[in-house]
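Keep in mind that the numbers below use all heavy atoms, side chains included, and drop hydrogens, waters and symmetry copies.
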Amino acid sequence: MKLNKIKFLFLTVCTVLTLVACNNDDDFTPPMANATCDDGIMNGDETAVDCGGSCTPCEDGMGPMMPDFSGTYVQIDFMGRPGINTVLSADDETKNAHNMAIPSQMGAMFQAGFEARLEAYHDVYANLLGANPDDVNYEPNILGLDAATLTGYLAADVLEVAPDLPTTYFDPGTDNDMDGRILVPDGDEVALTGRRPQDDVIDVSLILLFGGMEGDRFSGQDIDMDGTPDLPRLTSDGVGLTADIATTFPYLGAPE
């Protein structure tokens, strides 16, 4: 008789436990751990991690972990064309001023300084090559843009949008008028009409700044064929895009 009672109680307990487990599974509510003062999580009535509220008072500097939205906020950086400000600003003061400028005023404020900086780079490279700086100047680039026009574009650190053209930072293989001319500028190349995730914007910017009419003016050429580069490599940062980027939002690449 005692054995039957024990068996009955055991079955009853199992049935209750089973019903409870099924109830959890049915409403998809995960079991939640009770908030404690030593679980490394800000929960319960804590005002910081494991302190405040019903836990030990927080020490100085451990105040509420909430964002502070008080004060006045200012624009500190533009990223329409990454790296342009860093390359063409003469000093930190100019760089910071450019980052906080109104886009419509950027051209007037910074174009001349950016152009001077671009020409100064060519003087430096001329000296390194042992050449006369007057003979090594910026030359119109692969898009046919002279120094003033190019730096005018780049000074306004925004991405242009052309609804009737492909979205790209620069596609050197574009030949819209189908005349067979790709590297010779004739006005039909698509460039600066936005930015795709797979565009190597740093290399493109360097090509436009230092690549000349064929895009490879300073590419580390070995002119005397002795196995040592005679020209600086200025048209690439040497870092390529290796991930396969999805062509749909959110444009993620596979882990590498």
Side-chain angles (χ1 to χ4, degrees), residues 71-128 133 136-162 165-172 185 189-213 215-220 232-241 243 245 251 253:
T72 302
Y73 290 81
V74 295
Q75 170 72 40
I76 62 170
D77 200 3
F78 277 79
M79 289 295 287
R81 300 189 179 102
I84 296 299
N85 190 351
T86 301
V87 172
L88 296 180
S89 292
D91 48 47
D92 287 342
E93 182 178 353
T94 302
K95 179 179 178 180
N96 292 335
H98 185 265
N99 279 330
M100 293 184 288
I102 298 173
S104 61
Q105 299 176 2
M106 284 178 168
M109 294 173 63
F110 301 102
Q111 182 278 321
F114 279 15
E115 182 179 358
R117 186 73 167 176
L118 178 58
E119 293 293 1
Y121 279 130
H122 285 77
D123 290 344
V124 171
Y125 303 138
N127 290 328
L128 290 175
V136 183
N137 299 310
Y138 170 90
E139 65 178 33
N141 63 17
I142 196 171
L143 300 178
L145 303 177
D146 60 22
T149 304
L150 174 63
T151 51
Y153 277 123
L154 300 182
D157 191 8
V158 295
L159 284 178
E160 287 84 2
V161 175
L165 291 173
T167 296
T168 179
Y169 195 68
F170 173 44
D171 182 357
E189 298 82 7
V190 175
L192 307 179
T193 56
R195 193 168 81 205
R196 300 169 299 180
Q198 63 268 34
D199 286 340
D200 191 335
V201 296
I202 299 301
D203 276 13
V204 170
S205 297
L206 293 174
I207 289 171
L208 297 180
L209 291 168
F210 304 110
M213 295 195 66
D216 61 354
R217 184 183 185 193
F218 292 108
S219 297
R233 183 186 182 190
L234 306 179
T235 54
S236 174
D237 62 358
V239 179
L241 181 67
I245 306 297
Y251 309 110

[X] side chain vs [Y] backbone, donor-acceptor pair below 3.5 Å:
X    : Y    : value
T168 : F170 : yes
D237 : V239 : yes
H98  : A155 : yes

Could I get the full list of side chain to side chain contact (heavy atoms under 4.5 Å, CB included) partners for [X], not counting sequence neighbours?
X    : answer
V87  : Y121, L209
I245 : P197, L241, A243, Y251
D216 : E214, S219
P140 : none

Inset, instruction - Return the set of residues passing salt bridge (Lys or Arg N to Asp or Glu O under 4.0 Å) with D203 (not counting sequence neighbours), or none when no residue passes. - result: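 If we apply the salt bridge (Lys or Arg N to Asp or Glu O under 4.0 Å) test to D203, skipping adjacent residues, there are no hits.
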
Just verifying a value: how many Å separate [X] [atom1] and [Y] [atom2], rounded to the nearest 0.5 Å?
X    : Y    : atom1 : atom2 : result
L145 : L192 : CG    : CG    : 7.5 Å
M106 : N85  : CE    : CG    : 8.0 Å
N99  : T94  : CG    : OG1   : 11.0 Å
N96  : D92  : CG    : CG    : 6.0 Å
T149 : L143 : OG1   : CG    : 11.0 Å
T167 : R195 : OG1   : CZ    : 12.0 Å

For the residue pair [X] and [Y], what are the closest heavy atoms and their distance?
X    : Y    : result
F78  : P103 : CE2-CG, 3.7 Å
Y169 : S205 : OH-OG, 2.9 Å
N127 : P133 : OD1-CG, 3.4 Å
L159 : G80  : CD2-O, 3.2 Å
G215 : T235 : O-CG2, 3.9 Å
K95  : S89  : CA-OG, 3.6 Å

Inset, instruction - Evaluate the ring planes of Y138 and H122, with Trp represented by its six-membered ring, and classify them as parallel (under 30°), tilted (30 to 60°) or perpendicular (over 60°). - result: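 Y138 and H122: perpendicular rings.
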
Inset, instruction - Classify the angle between the aromatic ring planes of F210 and Y125 as parallel (below 30°), tilted (30 to 60°) or perpendicular (above 60°). - result: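 The rings of F210 and Y125 stand perpendicular, inter-plane angle above 60°.
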
Legend entry - I84 side chain near F114 side chain, heavy-atom distance below 4.5 Å: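 Contact flag for I84/F114 side chains = yes.
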
Inset, instruction - For residues L208 and I142, determine if any side-chain heavy atom of one lies less than 4.5 Å from a side-chain heavy atom of the other. - result: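 A side-chain contact exists here, since the closest heavy-atom pair is under 4.5 Å.
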
Inset, instruction - Provide the full list of salt bridge (charged side-chain N to carboxylate O under 4.0 Å, His left out) pairs with a residue in residues 139-160, sequence neighbours left out, each pair given once. - result: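 Of all non-adjacent pairs touching residues 139-160, those that pass salt bridge (charged side-chain N to carboxylate O under 4.0 Å, His left out) are R81-E160, E139-R217.
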
